[in-house]
Amino acid sequence: MNEVYITAMGAYLPNQPVSNDEIEDFLGRIDGKESRVKPRILKQNGIKTRYYALNKAQETTHSNAELAVNAVNNALKKSNLKASDVELLCTGTSQGDLPIPGFASMVHAGLDFKRCELASFQSVCASGVMALKNAFAQIKSEQKQNAVCVGSELPSRMFKASRFEAQEVKSLPFDAEFLRWMLSDGAGAFVLQNKINLKGLSLRIDWIDIKSFANEFPVCMYTGKIDNEDEAEKTWLDYPSYEEASKAGAINLHQDTRLLDKLIKTGVAHYFELIDQGKVKVSKVDWLCCHYSSEVFKDSIKELMQKGGGAIPDEKWFSNLSAKGNTGSASIFIMVEELMYSGKLKKGDSILCMVPESGRFITSFMHFTVVGKSEESKIYPQREIAPPELIIDTNETSEWLIRNLARVWIDFETALLKVPIVAKIHDGSLSMADYKLLLTDLRQQVIDGSQWISRAASNIDIDLFELRSAFIKHTATEHKDYQMLERNFEALGENLETIRSGEKNIGTVALTSFMFQQASKANPVDLLGSMFIIEGIGKRLAGYWGELMQDQLQLNNSQVSFFTYHGTADENHFHNLEEALNHPKMNLEVAKKIVKTAKITAKLYRMQLEELGNY
């Protein structure tokens with residue numbers, strides 16, 4: 001499965017920042033009067049400035065889709081991904097500009113994307129996380145190579161004084177007025193890819209965990225009905241007319257603030273569950289990006305974390321609530337975007353994100369790891385793709401075999417360059433942890449290598465003596481390779497028992513199962529195709545990969561000898577294969593079987609590298 005990286009980010013906050021003293025100049029004063037509760041709410045939430053897609057005449061200056069489009073374009077400007085190459089667009093918002101169609105369709109229409117897959121998520125604050133998880137899952141599972149994800153909100157137009165005055169009210173109940181001083185407009189976007197950004201830092205998405213508690217709680221933040229006590233209450237669509245629904249206050253946005261304390265407790269309980277599961281290691285968290293709507297709630301969260309033994313020090317908390325406001329589903333995007341380009345992050349940093357949603361109680365967490373290199377990072381040149389040279393007698397069958405094995409190899413090496421571990425080797429982003437994992441997983445396959453070759457040799461008839469000899473020679477050269485891997489691992493300062501107790505990843509299981517199955521058949525001459533792929537890796541790729549890994553990780557010879565040795569030794573191994581392919585009983589029927597087995601082996605070997613760490 002692919003690693004997934006956030007390679008670029010963008011934010012868009014409309015117009016100029018609005019101070020606390022200016023809020024009612026933009027939203028309007030109900031019945032011409034200043035709000036009496038506004039100062040108290042603003043003191044509690046700690047917001048100093050925010051942004052509105054409104055002017056002082058309460059006219060909308062941007063649509064919600066336009067906010068999202070601007071954020072996406074700002075992200076793409078920092079990316080090497082072209083708009084025309086985007087494969088998936090995922091959006092999250094509390095309310096789009098239109099009830100129908102989906103918000104993603106409206107955003108797509110404003111972008112320079114070609115035809116692509118869309119996913120629209122409508123919730124409240126967690127909708128952006130839902131959208132991000134969809135994009136993450138599709139790239140992780142190799143359905144897509146890239147995606148753009150955006151969270152965008154425009155709640156200010158719901159708070160215009162004219163809306164409430166049309167209801168003939170002189171003042172608002174607290175549950176409606178509370179949100180008027182809490183929410184603001186903005187959008188944030190992430191570019192996701194299956195490879196890191198080569199010009200700067202990226203965030204590897206380690207996991208995303210979302211949990212709904214709607215089965216346990218009534219609605220807390222809502223629009224479309226008057227209260228949250230009667231589940232059977234009619235909604236705004238059930239009134240005789242939209243005018244009557246509006247006049248009744250069914251289209252107002254409400255917040256039952258009495259429930260918010262329960263949301264905080266629910267979110268922190270989810271946090272402790274993640275600690276128990278081993279997903280969150282408190283001591284390893286370098287940054288906590290927590291989406292809270294008020295500084296008062298931050299204090300409550302910290303207190304509960306402290307009581308449960310999961311406190312994160314103040315200096316690790318990052319928030320821009322005071323300067324950029326609470327933008328709902330966009331908040332976490334805007335927050336992480338600011339942190340990303342703040343100059344505060346360094347490679348290896350661990351970022352934990354917490355996004356609770358009060359709609360009907362959803363809690364969500366994400367974990368990112370900072371990866372990548374600076375602008376000066378060394379990027380290794382990509383060699384021309386070419387098959388290992390086969391030198392065998394020239395005849396019609398051998399010419400056909402060489403042509404077709406060459407095609408199999410070119411497809412194989414081309415596909416390998418897209419495999420995450422190989423891409424890291426070439427772009428200079430390989431970590432020591434990556435290298436140790438590679439050694440560990442290869443060892444489990446290599447230790448079986450000589451065994452399937454020996455089994456194949458024992459099943460070759462005596463009249464194919466030369467072929468049997470070729471397999472036996474191959475066994476003799478391969479059967480101690482796993483020991484070289486172990487020595488390299490030990491030279492890295494690791495315990496031998498760690499690599500010896502490892503298990504096969506799912507790709508290795510598929511590869512070795514196929515090898516043993518073929519080797520158990522009578523006269524398994526087709527396994528010469530497998531030897532072509534495996535020895536070709538040694539002859540053409542292993543030594544080169546060893547040089548790249550040695551250079552970027554500053555390894556000594558004792559730590560990388562498995563790869564550098566095979567770069568030269570497999571030249572001799574390849575001669576044994578050439579001798580076998582020169583057997584006088586080689587014909588087109590056998591050649592076709594060899595090519596097919598080479599195709600299968602290439603596919604399964606690539607799978608082994610794609611599934612590193614997946615057991």
Side-chain angles (χ1 to χ4, degrees), residues 385-390 392 401-402 404-416 419 421-422 438-439 441-457 460 467 470-485 504-505 507-519 524-546 562-581 593-612:
I385 295 172
E389 183 183 9
L390 276 173
I392 56 179
L401 183 60
I402 289 172
N404 283 275
L405 285 177
R407 291 193 188 104
V408 171
W409 181 271
I410 289 170
D411 289 345
F412 171 57
E413 188 173 342
T414 301
L416 273 184
V419 174
I421 189 70
V422 178
L438 177 62
L439 291 179
D441 279 23
L442 282 180
R443 188 261 187 194
Q444 315 315 322
Q445 175 249 311
V446 169
I447 201 168
D448 283 341
S450 61
Q451 296 181 45
W452 65 258
I453 298 169
S454 298
R455 182 177 296 184
I460 294 177
L467 288 177
F471 277 81
I472 291 173
K473 288 179 183 177
H474 192 80
T475 301
T477 58
E478 297 288 325
H479 80 286
K480 291 186 177 181
D481 278 1
Y482 77 92
Q483 295 177 341
M484 197 179 307
L485 271 166
K504 299 181 181 77
N505 71 41
T508 301
V509 170
L511 175 63
T512 57
S513 297
F514 172 73
M515 295 300 194
F516 279 113
Q517 174 185 289
Q518 296 303 104
V525 177
D526 61 299
L527 283 175
L528 292 172
S530 298
M531 292 166 65
F532 170 76
I533 295 297
I534 294 172
E535 298 299 348
I537 292 168
K539 179 179 180 180
R540 174 162 170 78
L541 300 178
Y544 182 58
W545 288 352
F562 173 81
F563 293 93
T564 53
Y565 162 80
H566 278 84
T568 54
D570 281 11
E571 183 72 38
N572 297 324
H573 298 180
F574 222 67
H575 292 323
N576 296 332
L577 172 62
E578 290 167 340
E579 289 178 10
L581 292 174
K593 292 180 180 179
I594 290 171
V595 170
K596 182 175 182 179
T597 298
K599 284 183 182 179
I600 296 170
T601 305
K603 181 78 171 179
L604 295 177
Y605 198 98
R606 190 184 87 198
M607 184 191 296
Q608 173 184 233
L609 295 178
E610 290 172 333
E611 299 297 338
L612 293 180

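All values reported here derive from a predicted model rather than from experimental measurement. Counting from 1, the numbers follow the sequence of the chain as shown.
Counting only heavy atoms from C-beta outward, the side chains of Trp545 and Val422 approach each other to under 4.5 Å. Residues Asp448 and Met515 have side chains not in contact (no heavy-atom distance under 4.5 Å, counting atoms from C-beta outward). A 4.5 Å side-chain heavy-atom check between Leu541 and Phe563 finds every atom pair outside the cut-off. Considering only heavy atoms from C-beta on, Val408 comes within 4.5 Å of Ile533 through its side chain. The shortest distance between side-chain heavy atoms of Phe412 and Leu416 falls below 4.5 Å.
Not a single ring-ring contact (aromatic ring centres under 6.0 Å, His included) links Phe514 to another residue, sequence neighbours left out.
Residue pairs meeting the salt bridge (charged side-chain N to carboxylate O under 4.0 Å, His left out) criterion with at least one partner in residues 600-612, sequence neighbours excluded, are Arg606-Glu610.
Considering every non-hydrogen atom in both Val525 and Ile594, the closest pair reads O-CG1, 3.9 Å. The shortest heavy-atom contact between Pro524 and Ala519 is CG-O, 3.9 Å. Residue Ile537 comes nearest to Trp409 through the heavy atom pair N-CH2, 3.5 Å, listed as atom of the first residue, atom of the second, then distance.
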Thr601/Met531 under side chain to side chain contact (heavy atoms under 4.5 Å, CB included): CA gap, chis, key distance, verdict
CA-CA 9 Å; Thr601 305; Met531 292 166 65; over 6 Å; no

Is there a side chain to side chain contact (heavy atoms under 4.5 Å, CB included) between Arg407 and Asn404? Walk through the geometry before answering. CA-CA 5 Å; Arg407 291 193 188 104; Asn404 283 275; 3.2 Å; yes

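Screening Lys593, Lys596, Gln518 for a side chain to side chain donor-acceptor pair (under 3.5 Å) involving Asp526 leaves a single residue, Gln518.
Not a single donor-acceptor pair under 3.5 Å links the side chain of Asp441 to the backbone N or O of Leu609. Here the side chain of Arg540 pairs a donor or acceptor atom with the backbone of Ala386 at under 3.5 angstrom.
Counted by atom type alone, Thr414 and Asp411 present zero donor-acceptor pairs between their side chains at under 3.5 Å.
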